[in-house]
There are 2 protein chains.
Amino acid sequence: MGTAPKRPTIKQIAEETGLSVTAVSYALRGERVSAATIARVQAVADELGYSADPVARALRGGRTGTIGLLVGSLADFWQQTLAHAVQRELRTHGLHVLLADADGDPAEELALAGRLAAQRVDGLLVAPIGPAGGDWAKLTERTPTVTIAGRLPGAELAGEVVFDQTAGVGEVLRHLHALGHRRIAVLSWAIAASPDRPTERAVREQAAALALDCEIVPCAYSLDGSRPLALEVLAREDRPTAIFCLSDSIAYGVLHGCRELGLSVPGDVSIVGFDDHPLSRLVDPPLTSVNWSIDRTARAAVGFLVDHLAGTRGEQRVVIAPTLSVRVSSGPAAG
Amino acid sequence: MGTAPKRPTIKQIAEETGLSVTAVSYALRGERVSAATIARVQAVADELGYSADPVARALRGGRTGTIGLLVGSLADFWQQTLAHAVQRELRTHGLHVLLADADGDPAEELALAGRLAAQRVDGLLVAPIGPAGGDWAKLTERTPTVTIAGRLPGAELAGEVVFDQTAGVGEVLRHLHALGHRRIAVLSWAIAASPDRPTERAVREQAAALALDCEIVPCAYSLDGSRPLALEVLAREDRPTAIFCLSDSIAYGVLHGCRELGLSVPGDVSIVGFDDHPLSRLVDPPLTSVNWSIDRTARAAVGFLVDHLAGTRGEQRVVIAPTLSVRVSSGPAAG
DNA sequence: ATGAAAGCGCTAACAG
DNA sequence: CTGTTAGCGCTTTCAT
């Protein structure tokens, strides 16, 4: 075909109007120049369908209108939902999302954040995998960062949305304890990559306090990751009477495994999830889980970033309290 | 504190090595210069932790290593899964994702695609909402584009992944017909925004051929969108004996509604979905749905784009055939 | 109120 | 094999 129809530039508007690029640049942002000029420039800009080139702006050092979202693993259904909530929230502020998925690898996490920063995102939203990562200080010094449900070593933050994991773990463990469970398997996607997460620590401490026999088992995310593992754990001689999954996605896989083994839930084994995905009330049986309001989480995280970008507010912080939703999948310990 | 530690540039390497920026630029890409120079430049680059600035590259006109993914609505669970699959597939090619969500609005779709193009994505993956949109020709002429399960009016494509919707609809309608259903409600998220999609047309035509009484009802995506609607449809005097949902997300909301109304599925009403989300086999009751291999879809779409980016292969095309997964949610028509 | 010129970091002619 | 120069589109001194 013909030559590529390039997007209109400020220079074209300058030629059309007989002004200089400088004048146009100012006019487009409604600065300095006369009202008449502004109107004229706007008219031409609209006619040409002009919009500022975000890349040129970025190179010059301005805002890009894009926020980086870095999640631990998109294989996790809850994090998919988080991505949606965040993207929806950002849109209300006219911002866009550059999405990156660390795919469960803490080492990858920092590298990806660097990529995002190199793309000149105006800010970074990070749902960290665990405290393993390297040196976040340099990166967060230049790019405003808000963490969601996790810590970044040495990072300078614009804000953080903290999940009270200790409370959440406590709710679940006490719930299971009250139902008579004593031997519990805890399935964690993070334990292999990042053994010392607060969540796993909380499990150990509180299990000890309640005199529970808790074994923490490393586990891949996702249905297909946890199902075979569940089959193995459940086939054991001294099978646990309850399985506490540190993510609903994992719990779904376990549910699947139970079905294959012909085990009744909660008759033979109780199952509890940990993030209350919207579908958890619809699965069979409805899954007992811990809810951390995803809307509040997304709104707070984005709000912190936007505040920081607007004026300069200091580091903001909110703690999201867990709510245990007791449904059908957890019941009295068998035998 | 202190001054912002900017990222290293090609110029710094030039100073370190005593070469010109040009020489360094070539050396970094292993072109033209001597092996010795390449080695020396590489060494300094590594030491400084240099990596090319994607923004500068983009402005200059080169590749960014980023692909835009434009989905109809991230509120839809299947599209969330698609986003994950695509992102995973792109990663194997060293590519990144810029994600945009049209949120069900066909008008927004083209605008977002423009934003993505302005960000200089190397290519575009679009799962279109419907044929409503404006003029895609100009955009797709400059940015290689692959469509997934939908058409773009006037677009020049690098490839397309076509879902055989007609076959899918046929499978479902014949399945329901064989079970004795004659009055069927079809819930579609697209019907309001984009009334003439092939899918809806296929429903009308095939319903007529089978002498089915099919009413197409517009419906928001997502659980919360379809649940109230389901309540209304199911409360009618002449309630349909089956509900065919043009996305599993919608079906989940309907399932939820049935539960609230105390209706048994499939005893009182049968329900069928349309994209076979991984959780559909786990919900209660397991959902009959139509599967379009998401892995094949993502792999083909990304493959087409990568091929186009590499050499220049002509427009590629694949048709994904549907597979009906009959599960528990569909049964003989009541009464 | 407007314009000229420099520069963000990189690549691609076009010399030498 | 290597260096000079120009330019991608925009914003920002600094003049006028």
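In what follows, chains are A, B, ... by sequence order, proteins preceding strands, each numbered from 1.
Interatomic distance, CZ of R40(A) versus CD1 of I13(A), reported as 12.0 Å (0.5 Å rounding). Rounded to the nearest 0.5 angstrom, K138(A) NZ and R142(A) CZ are separated by 11.5 Å.
Distance from the side chain of T37(A) is smallest for dT2(C) among the nucleotides dT2(C), dT11(D), dT2(D). Of all nucleotides listed (dT11(D), dG9(C), dA1(C)), dG9(C) comes nearest to the side chain of R120(A). You'll find that the side chain of D53(A) is closest to dG9(D), out of dG9(D), dA13(C), dC14(D).
Between the CZ atom of R32(A) and the P atom of dC14(D) there is a distance of 12 Å, given to the nearest Å. Put simply, CD on E15(B) is 12 Å from P on dG9(C), counting in whole angstrom units. Rounded to whole Å, atom P of dG9(D) lies 15 Å from atom CD of Q119(B). dT2(D) atom P lies 13 Å from atom OH of Y26(B), rounded to whole Å. The nearest whole Å value for the distance from the CD1 atom in I10(B) to the P atom in dC8(C) is 14 Å. When rounded to the nearest whole Å, the span between CD1 of I13(A) and P of dT11(D) equals 11 Å. Atom P of nucleotide dC10(D) and atom CZ of R7(A) are separated by 7 Å, given to the nearest angstrom.
For the segment residues 57-64 of chain B, residues with any heavy atom less than 4.0 angstrom from an atom of DNA chain C are, sorted by number, R57(B), R60(B).
Between Y26(B) and T37(B), every side-chain heavy-atom pair lies at or beyond the 4.5 Å cut-off. By the 4.5 Å heavy-atom criterion applied to side chains, T64(A) and H96(A) are not counted as neighbours.
Across all strands shown, T9(A) has heavy atoms under 4.0 Å from sugar-phosphate atoms exclusively, and none from any base.
Residue whose closest nucleotide on DNA chain C sits further toward the 5' end, between A56(B) and E31(B): A56(B). Residue order along DNA chain D, read from the 5' end via each residue's closest nucleotide, puts V33(B) first among V21(B) and V33(B).
Remark: T22(A) is not in phosphate contact with dT2(C), judged by side-chain N or O atoms under 4.0 Å from OP1 or OP2. Distances shorter than 4.0 Å separate some side-chain N or O of Y50(B) from OP1 or OP2 on dC10(C). OP1 or OP2 of dG3(D) sits under 4.0 Å from a side-chain N or O of S20(B). Contact annotation: R29(A) reaches the phosphate of dT12(D) (side-chain N/O to OP1 or OP2, under 4.0 Å).
We find that D103(B) and R88(A) are joined by a salt bridge, their nearest charged nitrogen and carboxylate oxygen being less than 4.0 Å apart.
In this structure, R63(B) contributes its side chain and L309(B) its backbone to a donor-acceptor pair below 3.5 Å. Counting only distance, with no hydrogens or angles, the side chain of Q79(A) and the backbone of G72(A) share a donor-acceptor pair below 3.5 Å.
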